[in-house]
Amino acid sequence: MNIVVVGSVAFDNVETPFGKVENVLGGSATFFSVAASFFAPVSIVAVVGKDFPKADLEFLKSRGIDTEGIEIAEGRTFRWTGRYHEDMNLRDTLDLQLNVFAEFQPKVPASYRDADICFLSTIHPSLQKSVLGQIGKPKLVGADTMTHWIQETRAELVPLLADVEMLTVNDEEAKLLSGERNIVLAARKILAMGPKSLLIKRGEYGVLHFSGDSIFAVPAFPLEQVFDPTGAGDAFAGGLIGHLAKTGDFSIKNVRRAIVYGSVMASFVVEDFSLNRLRKIDDGDVEKRYRQFVALTEF
Ligand code: AMP
């Protein structure tokens with residue numbers, strides 16, 4: 001199955017307790033698509049400015065990602081600046097510049113319109129809605145969002161959730177979206193907004209999956225060093241959706257396997273800044289860590 005994703009393609013400035021990088025490749029659609037490309041064909045809908053390096057587009061293409069839907073517009077690429085605390089589950093957004101995304105009107109290429117899976121990664125919900133409206137009848141619609149959009153665009157975000165089957169948010173976003181402090185109550189409230197399946201990402205504490213009455217938990221892969229958590233959530237979604245696309249099996253059992261693949265991809269991303277770690281691994285590394293994950297949780 002093939003996947004269409006809409007989301008940010010960005011330049012990031014990131015500071016963690018281990019170092020600092022400026023103007024590195026980032027963005028929700030970028031992390032998602034590169035992670036998903038290990039499993040299935042992915043096409044991106046996004047916009048970048050004239051300042052976006054050809055080499056970065058070439059990198060996406062080298063992963064087999066279809067970039068026809070990335071518009072190159074007059075102006076500057078989306079920019080995000082974030083700083084992590086000593087406790088790297090916590091981060092502050094210091095600056096966010098939408099730039100070319102402020103005026104973006106997505107035009108989904110004709111070749112994308114029969115996509116099997118549509119993933120709405122973090123961006124303004126009106127852009128997520130516009131892309132979803134241009135895709136025929138996807139077999140699965142997934143989405144992600146962020147504190148920024150929950151706070152600034154709740155009125156557009158909440159109605160969109162009625163059309164989303166699988167939502168991925170982190171614990172802070174789940175609490176903000178639901179108004180509940182308890183994570184289980186938060187999950188119940190969010191499921192009542194529309195999604196049939198909810199994944200709550202909890203940084204180094206792993207992921208909780210809520211679906212109907214079932215709850216499934218997966219730990220984060222224990223790493224000696226987490227270098228930069230940026231993109232972990234998007235790479236998680238990329239691995240999860242990628243595995244579902246590869247297998248075409250949306251059964252609860254396979255969704256659980258997909259959650260482990262998502263956790264595998266997230267565990268690689270955090271080992272280095274930007275997409276540096278994903279540039280260096282291959283399918284064998286992914287399978288090896290998947291098996292280590294199975295061994296970790298089997299009893
Ligand atoms: P994550 O760490 O998975 O939550 O995602 C981090 C990525 O999301 C960074 O590479 C940023 O460029 C991008 N990003 C940060 N804030 C936003 C936002 N409000 N909308 C879209 N993308 C964002």
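The figures here come from the full heavy-atom set of this structure, side chains too, leaving out hydrogens, waters and symmetry mates. Note that ligands are numbered from 1 as they come in the structure, with each ligand's atoms numbered from 1 the same way. On a predicted model such as this, the values are computed, not experimentally measured, just so you know.
Residue Phe78 places a heavy atom less than 4.0 Å from ligand 1. For the pair Arg79 and ligand 1, no heavy-atom separation below 4.0 Å is found.
Nearest to atom 18 (C) of ligand 1 among the protein's heavy atoms is Trp149 NE1, 3.4 Å. The protein heavy atom nearest to atom 17 (C) of ligand 1 is Met146 SD, 3.3 Å. What sits closest to atom 22 (N) of ligand 1 on the protein, heavy atoms only, is Ser8 OG, 2.8 Å. Closest to atom 11 (C) of ligand 1 among all protein heavy atoms lies Asp12 OD1, 3.5 Å. Here the protein heavy atom with the shortest distance to atom 5 (O) of ligand 1 is Asp234 OD2, 2.8 Å. For atom 2 (O) of ligand 1, the closest heavy atom belonging to the protein is Gly231 N, 2.7 Å. Here the protein heavy atom with the shortest distance to atom 21 (C) of ligand 1 is Thr122 O, 3.2 Å.
Atoms of ligand 1 found under 4.0 Å from any heavy atom of Ala10, numbered from 1 in the order shown, are 12 (O). Interface of His148 with ligand 1, defined as ligand atoms under 4.0 Å from a residue heavy atom, comprises 19 (N). Listed by number with element, the atoms of ligand 1 under 4.0 Å from a non-hydrogen atom of Gly26 are 10 (O).
Contacts between Leu96 and ligand 1 below 4.0 angstrom, taking non-hydrogen atoms only, involve the side chain exclusively. Using a 4.0 Å cut-off between heavy atoms, Thr230 contacts ligand 1 through both its backbone and its side chain. Residue contacts with ligand 1, taken as heavy atom pairs separated by less than 4.0 Å, involve Arg91 solely via side-chain atoms from C-beta onward. Of all the heavy atoms of Ala235, none lies under 4.0 Å from any atom of ligand 1, so neither backbone nor side chain is involved.
In this structure, Gln225 places its CD atom where more than 12 heavy-atom neighbours from other residues, nucleotides or ligands lie under 6.0 Å away. The number of heavy-atom neighbours closer than 6.0 Å to CD of Gln105, taken from other residues, nucleotides and ligands shown, is 12 or below. Atom CD of Glu71 sits in a crowded spot, with more than 12 heavy atoms from other residues, nucleotides or ligands closer than 6.0 Å.
For Ile123, no nitrogen or oxygen atom sits less than 3.5 Å from a nitrogen or oxygen atom of ligand 1, counting backbone and side chain alike. Residue Gly233 has at least one N or O atom closer than 3.5 Å to an N or O atom of ligand 1.
Inspection of the Thr77 and Asp51 side chains reveals an N or O donor paired with an N or O acceptor under 3.5 Å. Side chain to side chain, Ser267 and Glu271 fail the donor-acceptor criterion of an N or O pair below 3.5 Å.
The aromatic ring centres of Phe101 and Phe104 sit less than 6.0 Å apart.
Remark: the backbone N or O of Leu185 is not paired with any side-chain donor or acceptor of Glu180 at under 3.5 angstrom. The backbone N or O of Pro106 lies less than 3.5 Å from a partner atom in the side chain of Gln134, making a donor-acceptor pair.
Between Phe227 and Phe273, the ring planes are perpendicular. Angles over 60° get that label, and only those under 30° would be called parallel. Ring orientation note: the planes of Tyr261 and His243 are close to parallel, at an angle under 30° on the 30°/60° scale.
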Salt bridge (Lys or Arg N to Asp or Glu O under 4.0 Å) between Glu172 and Lys175: does it pass, once the steps are laid out?
CA-CA 5 Å; Glu172 186 192 343; Lys175 288 174 186 170; over 6 Å; no

